[in-house]
Asks: 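I have a structure I would like to understand better, so I am pasting it below and will then ask my questions one at a time.
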Amino acid sequence: MTNTNTGGEASERTLNFIEQIVENDNAQRVWGLNERGVPKVHTRFPPEPNGYLHVGHAKSICLNFGLALRYQGKFNMRFDDTNPSKEEQEYVDSIIRDVKWITSAFDDAGAGFSAGSYDTGPAAGGLFYASNYFEQMYLFAEELIRKGKAYVCDLTGDEVSARRGKPGVPATSPHRDRPIEESLALFRDMRMGKFPNGARTLRAKIDLASPNFNLRDPVMYRIVHESHHNTGDAWCIYPMYDWAHGIEDSLEGITHSICTLEFEDHRPLYDWFIDAINEGRTDDGSGPWGRRIQHPQQIEFAKFRPTYTILSKRNLLKMVSERIVSGWDDPRMPTISGLRRRGYTPRAIRACMEDVGITKVESSIDIGRMENALRDHLNRVAPRAMGVLRPLKVVITNWPQGNVDDLDFVINPEDPAQPKRKTRFAREIYIERDDFMEAAEKGFFRLAVGQEVRLRWAYFITATGVVKDASGTITEVHATYDPATRGGDAPAGPDGQPLRKVKGTIHWVSADHATDAEVRLFDRLFVAEEPGTRTGNWADDLHPRSLEVARAKLEQSLSTAKVGDTFQFERLGYFRVDEDSVSGTLVLNRAVTLKDSRPAGESGKSKGAGAAGRMYSIAEAAHELKLKQEKLAAMLPGAGISDFASRTPAQLTLAEVRGLKDWIKKNPPTK
RNA sequence: UGGGGAUUGGUGUAACGGUAGCACGACUGACUCUGACUCAGUUAGUCUAGGUUCAAAUCCUAGAUCCCCAGCCA
C-alpha cells in the first residue's frame with residue numbers, strides 16, 4: 001500500500017475506521033440502496049453559523065464530503081442554527097463560501113467521477129437549515145409529551161444547576177410527574193409566547209440518576225424571545241442541540257452522522273430521542289404514531305489540532321474583536337478564509353487531511369505538515385517568478401549603458417509543457433541583501449568580492465567592489481559580467497563540458513524594469529506549541545512579530561498580476577496577490593517559504609522545529625514520561641539535571657527527556 | 001470520588017493472534033541554472049506489570065497517564 005502526499009488524489013491505502021464501518025454497513029445493506037443502485041451513504045457537515053470556519057472544520061468537510069464521493073453517496077451542507085442569540089447571516093455567507101472552496105479540492109476526483117462543489121456535483125445533497133425543521137421538531141416534541149417521555153419544567157437555569165446532583169447523587173426535578181395534559185398545555189403556551197425567557201423548559205423524562213449527566217432529564221426546548229436569521233420572529237422557543245440534531249439527520253436521511261469526540265457522551269441521548277419518537281411507530285405507518293423515522297448512526301473522530309495555533313471559535317472571535325489580527329480572514333488566522341487569503345489551496349488542505357488520517361486519538365499535528373502539503377502542491381502548479389525582498393543594487397560596470405537584454409525564463413521546471421517567457425536584463429539590477437557578502441565565508445557560495453555567481457537564466461557575474469554609506473552599510477555592489485555566459489550557461493570546452501562551474505545561483509530583478517510591491521511576511525501567531533499551557537492564557541504566547549512588511553522589487557511582468565494569483569518567487573517561497581492590492585500598488589502575502597537546507601544560522605532562521613532541536617516544557621516532559629509535573633521536577637537533580645530551576649526558558653532537550661526515560665526505568669519512582 | 005474515550009519511532013498513521021510497515025521530519029549522500037524539486041540511504045517505536053498461547057501491538061487481569069462530561073451553547 002502506498003500513502004499519498006501528492007495532492008490528495010485517491011490512492012491505495014488502508015481504510016480508516018469510519019470507512020470500515022461504512023463498508024461493513026454497505027456489505028450488510030444496512031441502509032439499503034440509493035438511486036444509483038449502490039448501498040446508500042449520506043453524510044453531512046452541520047456547522048453552527050456563529051463564527052468563521054477554521055482548519056478543524058476543513059477536516060470534517062473533507063471527511064464527510066470524501067465519504068459521500070467515495071461511496072457514490074450524498075453530502076448535505078446544513079446549518080445547525082438552533083440558537084438565535086449567537087448566529088448571524090454574515091457567518092452563514094462565509095461558511096457557504098468556505099465549504100464550496102474546500103470541496104472544490106475534490107474536482108476531478110478520478111474514476112470518471114467529477115465532484116464539483118458540494119451543491120453542484122454528483123455528491124450534492126443540498127443546502128439545508130435546521131431552522132426549517134422547527135415545526136416538525138415541535139410536533140415530535142408534543143408527541144413525546146403525549147407518550148409521557150417529556151414534561152414542562154418550571155425550574156430556572158440556576159435551580160436546574162443546583163439540582164443537577166453529583167456523580168452518585170441523582171438530580172431532582174419537582175415537575176417530572178406533571179400530568180401529560182398539563183405539560184401539553186404549558187408547552188403550547190410556551191410556544192405562544194406567554195412566558196419570559198428562561199421561565200420554563202421542556203425536558204426529556206429519562207433518568208435523573210444516570211451516571212451520564214446528559215441523560216439526567218436534558219432540556220429539549222428553552223424560551224428565547226429573539227429574532228432568528230432564518231425564521232425571523234416565528235418562534236420564541238428554540239430546540240437544544242441534543243434534541244434537534246438527531247432529528248435533522250433523520251429527516252435528511254443521513255446514514256452516518258459523524259462528529260467529534262466530545263459528543264460520545266451524547267450518543268446515548270441521540271439514540272434515546274430517535275427511539276422515543278419511533279416507539280409506537282411502524283415501518284408501514286400503520287400504528288397510532290405513523291411511520292418509523294430513520295435512525296442514523298453517530299460516529300465520533302478526533303479533531304484536527306495543529307501546533308502553534310488556537311482553534312476555538314470563541315478565542316478566534318476574541319482575536320478579531322481585540323484587533324490582534326486584522327479580521328477573520330487575516331492571513332495568519334487558522335480560519336479557512338485566512339488560509340485562502342494567505343495563499344493556501346484547497347488541494348493542499350485536503351492533502352494534509354488525507355495525510356493526517358482519521359482516528360479517535362487526540363493527537364496534535366505539527367503545523368509544518370500543512371506547510372509541506374502547500375509546498376508540495378504549489379511546487380507543481382505555481383509559475384516561477386523573480387522578486388527581491390530586501391533589495392541591494394548591483395551595477396554591472398562592463399555592461400553597455402542603455403543596453404537591455406531579453407532573456408528566456410522558465411515558467412515552471414516541474415511542468416516542461418509550459419512555454420518560456422522573456423525577462424529583461426540591464427546594467428543595474430537588484431539582488432537579495434542576503435545573497436551578498438563583501439568577503440565570503442567558508443560555505444558561502446553566493447556573490448562576494450572576487451567570487452563568481454550565476455544570475456538565474458542570465459549571466460555569470462563577479463563582484464569587484466562595494467559602495468558604503470557613512471555608517472558603513474553597503475549601498476551598492478559593483479560587478480562585471482561574462483558575455484559568454486548569456487542564458488546562464490557556462491561556455492563549453494571542446495569536449496562539450498562546461499569550462500567552469502559556479503556553485504551559486506541567485507535571483508535578481510532589473511532595476512529599470514522592476515515593479516514595487518508590499519510583501520507581507522508571516523510567522524506563526526504564537527510562539528508556543530500549545531498556546532496557553534504555560535500561563536493558562538494564550539495571549540501570553542502571542543508572537544510579537546508575526547507580521548513583517550517588506551518593500552520588495554518584483555520583475556515587471558508581476559505588475560499585471562491579479563488578486564488571487566500565486567507565484568513561486570525563486571529561492572524564496574510562494575506568494576499570493578492579496579485583496580489589499582490597489583491598481584499600481586501590489587500587495588503580496590508569503591504563503592510559505594521554500595524549504596531551506598542551508599546550515600542553521602546562515603539562513604537567518606532558527607532550525608529548531610524538528611525532532612533534533614525539540615524542546616520540552618516541564619508539562620510536556622511530564623506527559624511524555626507519564627509522571628506528575630511535581631514528581632518529575634523533584635527527581636531532576638537526582639537524574640543529573642541539577643540546573644533546571646535556573647533555566648530560562650524552563651525547558652528540557654529531547655536528549656534529556658530520553659535520558660530521563662532510561663533513568664526512570666532504572667530508578668522507578670516511589671508511589 | 002461517577003460516566004465516556006484514548007495510548008505503536010521525534011510526529012502522524014497501518015498491522016484486526018503469525019515478518020511491527022508507510023508517510024512526514026531529522027541526518028548522509030547523489031543530482032541540480034532555485035542551498036527548491038527529485039533520487040538513494042541512515043535514524044528511531046508497541047504505556048507498565050503480570051497472565052493465556054507454539055506465537056501477543058493484538059486476548060485476559062491489574063495499574064499508569066492524558067482527554068471529554070454536571071450550559072436553558074453547539
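Below, chain A is the first sequence line, B the second, and so on; all start at residue 1.
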Asks: Measuring from the side chain of A:Arg446 (C-beta onward, heavy atoms only), which nucleotide among B:G35, B:G12, B:A14 has the closest atom?
Replies: B:G35
Asks: On RNA chain B, does the nearest nucleotide to A:Phe17 precede the nearest nucleotide to A:Phe263 from the 5' side, or the other way round? Give the residue.
Replies: A:Phe17
Asks: At less than 4.0 Å, is any side-chain N or O atom of A:Arg571 found next to OP1 or OP2 of B:G35? Yes or no.
Replies: yes
Asks: Tell me whether the side-chain N/O atoms of A:Ser363 come closer than 4.0 Å to OP1 or OP2 in B:U13.
Replies: yes
Asks: Select base, sugar-phosphate, or nothing to describe what A:Pro413 touches, counting heavy atoms under 4.0 Å on all strands.
Replies: base
Asks: Can you tell me the distance, in whole Å, between the CD1 atom of A:Ile247 and the P atom of B:A74?
Replies: 13 Å
Asks: Over how many whole Å does the gap from A:Met220 atom CE to B:C73 atom C1' extend?
Replies: 17 Å
Asks: Listed by chain and number, what are the side-chain hydrogen bond (donor to acceptor under 3.5 Å, both in side chains) partners of A:Asp242, not counting sequence neighbours?
Replies: A:His266
Asks: A:Asn24 CG to B:C16 C1': how many Å, rounded?
Replies: 12 Å
Asks: Any N or O donor-acceptor pair under 3.5 Å from the base of B:G12 to the side chain of A:Asp355?
Replies: no
Asks: Within the 4.0 Å heavy-atom criterion, would you say A:Asn83 contacts the bases, only the backbone, or no part of the nucleic acid?
Replies: sugar-phosphate
Asks: Say we look at B:G63 and B:G71: how far apart would their C1' atoms be, to the nearest angstrom?
Replies: 35 Å
Asks: Mind checking the C1' distance from B:A57 to B:A74? Whole angstroms is fine.
Replies: 37 Å
Asks: Under 4.0 Å, heavy atoms only, any strand: does A:Gly165 hit a base, just the sugar-phosphate, or nothing?
Replies: base
Asks: Would you say B:A36 has OP1 or OP2 under 4.0 Å from some side-chain N or O of A:Ser597?
Replies: yes
Asks: When rounded to the nearest Å, what value does the distance between C1' atoms of B:G12 and B:U19 take?
Replies: 23 Å
Asks: Pick out which of A:Lys501, A:Arg500, A:Lys503 makes a salt bridge (charged side-chain N to carboxylate O under 4.0 Å, His left out) with A:Glu452.
Replies: A:Arg500
Asks: Have a look at A:Gly157 and say if it touches a base, only the backbone sugar-phosphate, or nothing, with a 4.0 Å heavy-atom cut-off.
Replies: base
Asks: Would you indicate what A:Ser364 reaches in the nucleic acid, counting non-hydrogen atoms under 4.0 angstrom: base, sugar-phosphate, or nothing?
Replies: sugar-phosphate
Asks: Expressed as a whole number of Å, how far does the C1' atom of B:G18 sit from that of B:A26?
Replies: 33 Å
Asks: By nearest atom, which of the nucleotides B:A74, B:G3, B:A14 is closest to the A:Asn212 side chain?
Replies: B:G3
Asks: Which part of the nucleic acid does A:Ser161 contact within heavy-atom distance under 4.0 Å: base, sugar-phosphate only, or nothing?
Replies: sugar-phosphate
Asks: Grab the CG-P distance between A:Asn214 and B:C69 for me, whole Å please.
Replies: 10 Å
Asks: With distance as the sole criterion, do the side chain of A:Arg369 and the base of B:U11 form a donor-acceptor contact below 3.5 Å?
Replies: yes
Asks: Find which nucleotide of RNA chain B each of A:Gln20 and A:Pro211 is nearest to by heavy atoms, and output the residue with the more 5' nucleotide.
Replies: A:Pro211
Asks: With P as the reference atom in both, quote the distance from B:A40 to B:U8 in angstrom, rounded to an integer.
Replies: 29 Å
Asks: Under 4.0 Å from OP1 or OP2 of B:U13: is there any side-chain N or O of A:Thr359 that close?
Replies: yes
Asks: Using atom CZ of A:Arg305 as one end and atom P of B:C66 as the other, report the distance to the nearest whole Å.
Replies: 14 Å
Asks: Any side-chain N or O of A:Arg456 below 4.0 angstrom from OP1/OP2 of B:A36?
Replies: no
Asks: Answer with yes or no whether the side chains of A:Asp249 and A:Tyr270 bring together a donor and an acceptor at under 3.5 Å.
Replies: yes
Asks: At 4.0 Å (heavy atoms only), tell me whether A:His507 reaches a base, stays on the sugar-phosphate, or touches nothing.
Replies: nothing
Asks: Among B:G3, B:C73, B:A70, which nucleotide sits nearest the side chain of A:Lys166?
Replies: B:A70
Asks: When all nucleic acid strands are considered with a 4.0 Å heavy-atom cut-off, which category describes A:Asp489: base, sugar-phosphate, or nothing?
Replies: base
Asks: Please check this pair: side chain of A:Arg446 against backbone of A:Asp434, looking for a donor-acceptor N/O pair closer than 3.5 Å.
Replies: yes
Asks: Reckon A:Arg164 touches a base, only the sugar-phosphate, or nothing at all at heavy-atom distances under 4.0 Å?
Replies: sugar-phosphate
Asks: Given the C1' atoms of B:U42 and B:U46, what is the spacing between them in whole Å?
Replies: 22 Å
Asks: Categorize A:Thr307 for me: base, sugar-phosphate, or nothing, with a 4.0 angstrom heavy-atom threshold over every strand shown.
Replies: nothing
Asks: Does the A:Asp435 side chain pair with the main chain of A:Ile431, one donor and one acceptor, at a distance under 3.5 Å?
Replies: no
Asks: Starting from C1' on B:G10, measure out to CG on A:Asp366 and report it in whole angstrom.
Replies: 10 Å
Asks: A:Trp508 pairs by ring pair (Phe, Tyr, Trp, His ring centres under 6.0 Å) with which of A:Phe425, A:Tyr481, A:Tyr459?
Replies: A:Phe425
Asks: Does the A:His229 side chain pair with the main chain of A:Val92, one donor and one acceptor, at a distance under 3.5 Å?
Replies: no
Asks: Looking at A:Cys62, A:Ser364, A:Ser363, A:Cys352, which one forms a side-chain contact (heavy atoms from CB on, under 4.5 Å) with A:Phe304?
Replies: A:Cys352
Asks: Using only side-chain N and O atoms of A:Arg222, determine if any of them is under 4.0 Å from OP1 or OP2 of B:C73.
Replies: yes
Asks: Supply the atom-to-atom distance A:Asn83 CG to A:His228 NE2, rounded to the nearest 0.5 angstrom.
Replies: 8.5 Å
Asks: Please check the phosphate of B:C72 (OP1 and OP2 only) for any side-chain N or O of A:Arg163 closer than 4.0 Å.
Replies: no
Asks: To the nearest Å, give me how far apart CE (A:Met370) and P (B:G12) are.
Replies: 16 Å
Asks: Establish, with yes or no, whether the OP1 or OP2 oxygen of B:C37 is under 4.0 angstrom from a side-chain nitrogen or oxygen of A:Lys595.
Replies: yes
Asks: Using the C1' atom as the point on both nucleotides, what is the distance between B:U28 and B:A44, in whole Å?
Replies: 16 Å
Asks: Can you list the steps and then say if A:Glu570 with A:Gln568 is a side chain to side chain donor-acceptor pair (under 3.5 Å)?
Replies: CA-CA 6 Å; A:Glu570 296 222 6; A:Gln568 183 200 94; over 6 Å; no
Asks: By the 4.0 Å heavy-atom rule, please label A:Gly198 as base, sugar-phosphate, or nothing.
Replies: base
Asks: For B:C47 versus B:A6, give the span between their C1' atoms, rounded off to a whole number of Å.
Replies: 12 Å
Asks: Please report the distance, rounded to the nearest Å, between CD in A:Glu414 and C1' in B:U32.
Replies: 12 Å
Asks: Within the distance-only criterion (no hydrogens, no angle test), does the side chain of A:Arg200 pair as donor or acceptor with the backbone N or O of A:Asp154 below 3.5 angstrom?
Replies: no
Asks: Looking at A:Tyr238, A:Phe273, A:Trp272, which hits ring pair (Phe, Tyr, Trp, His ring centres under 6.0 Å) with A:Trp243?
Replies: A:Phe273
Asks: For B:G71, does the glycosidic angle fall within 90° of 0 (syn) or outside that (anti)?
Replies: syn
Asks: Within the structure shown, what part of the strands sits under 4.0 Å from A:Leu455 by heavy-atom distance: base, sugar-phosphate, or nothing?
Replies: nothing
Asks: Pairs counted only when both distances fall under 3.5 Å, Watson-Crick or G-U: show me the 5' to 3' dot-bracket for RNA chain B, [ ] for pseudoknotted crossings and | for other-strand partners.
Replies: .((((((..((((....[..))))((((((.......))))))...(((((..]....))))))))))).....
Asks: Ignoring the backbone of A:Met240, work out which of B:A74, B:G5, B:U34 is nearest its side chain.
Replies: B:A74
